[in-house]
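Please read the structure below before turning to the comments.
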Amino acid sequence: MAFADTFKALSDPARREILELLKSGQLSAGDIAAKFDMTNATISYHLSILKKADLVRESRQKNFIFYELNASVFEELMLWFSQFKK
């Protein structure tokens, strides 16, 4: 796991909000974009950063791209953070 990519992805409030949206299940890129007052290109950029950090996965179905959380990365992060508990 590249922690630098993960923390960079998590540092932006818009990307954290995208992750919050995906907690309830997969969404299309269009559904995600509809929740924000940003251009599609900006949403695509944020999704790209999240994919690079492996926080989200994409799948293609016909003409649509769907995104979902990659829970294993969050589990790995939690495991890493747990080492600092007393």
Side-chain angles (χ1 to χ4, degrees):
M1 166 188 257
F3 281 124
D5 290 338
T6 303
F7 290 125
K8 176 185 176 184
L10 294 173
S11 71
D12 186 273
R15 291 191 285 269
R16 291 193 305 268
E17 192 171 339
I18 291 170
L19 294 172
E20 289 281 334
L21 289 171
L22 293 172
K23 280 192 323 188
S24 59
Q26 76 174 9
L27 292 171
S28 71
D31 290 338
I32 294 168
K35 306 283 185 181
F36 293 90
D37 187 24
M38 297 179 194
T39 65
N40 287 347
T42 302
I43 293 296
S44 179
Y45 169 76
H46 286 305
L47 289 168
S48 173
I49 296 292
L50 290 168
K51 282 190 311 183
K52 181 179 179 189
D54 207 23
L55 291 167
V56 298
R57 294 185 191 132
E58 74 174 22
S59 60
R60 296 179 184 269
Q61 297 174 13
K62 296 186 182 178
N63 294 333
F64 298 96
I65 300 174
F66 288 89
Y67 293 88
E68 64 183 336
L69 289 178
N70 181 3
S72 64
V73 172
F74 289 99
E75 291 167 1
E76 194 173 334
L77 264 177
M78 295 307 292
L79 184 62
W80 184 79
F81 277 122
S82 71
Q83 72 179 328
F84 298 103
K85 281 198 235 175
K86 290 188 177 194

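Taken from CD1 in I49 to OG in S11, the straight-line distance is 9.0 Å, to the nearest 0.5 Å. Interatomic distance, D37 CG to T42 OG1, rounded to the nearest 0.5 Å: 10.0 Å. Atom CD of Q26 is separated from atom CG of D31 by 10.0 Å, given to the nearest 0.5 angstrom. For the atom pair L55 CG and D5 CG, the distance stands at 9.5 Å (nearest 0.5 Å). Atom CD of E58 and atom CD of E68 lie 11.0 Å apart (nearest 0.5 Å).
The shortest heavy-atom contact between H46 and A14 is NE2-CB, 3.9 Å. The minimum heavy-atom distance between I32 and I43, with the atom names listed, is CG2-CG2, 4.1 Å. A9 and R15 make their closest contact through O-NE, 3.0 Å (heavy atoms, listed as atom of the first residue, atom of the second, distance). Contact between F66 and F64 at its shortest, heavy atoms only, is CE1-CB, 3.6 Å. Counting all heavy atoms, side chain and backbone alike, A29 lies closest to L47 at CB-CD1, 4.4 Å. Summarising the geometry of L22 relative to Y67, their closest heavy-atom pair is CD2-O, 3.3 Å, with the distance given to 0.1 Å.
For the pair K35/E20, no side-chain contact is recorded, criterion being any heavy-atom separation below 4.5 Å from C-beta on. Put simply, the side chain of L21 reaches to within 4.5 Å of the side chain of F36, judged on heavy atoms. Using a 4.5 Å heavy-atom cutoff, the side chains of L19 and F74 are in contact.
Between W80 and F3, the two ring planes are tilted [angle within 30° to 60°].
In D12, the CG atom is crowded: over 12 heavy atoms of neighbouring residues, nucleotides or ligands sit closer than 6.0 Å.
By the rule that hydrophobic residues join a cluster once side-chain heavy atoms approach within less than 4.5 Å of another member, V73 and M78 end up as members of separate clusters. If you chain together hydrophobic residues whose side chains sit under 4.5 Å apart, Y45 and I18 never meet in one group.
Side chain of R16 to backbone of L10: a donor-acceptor contact under 3.5 angstrom is found.
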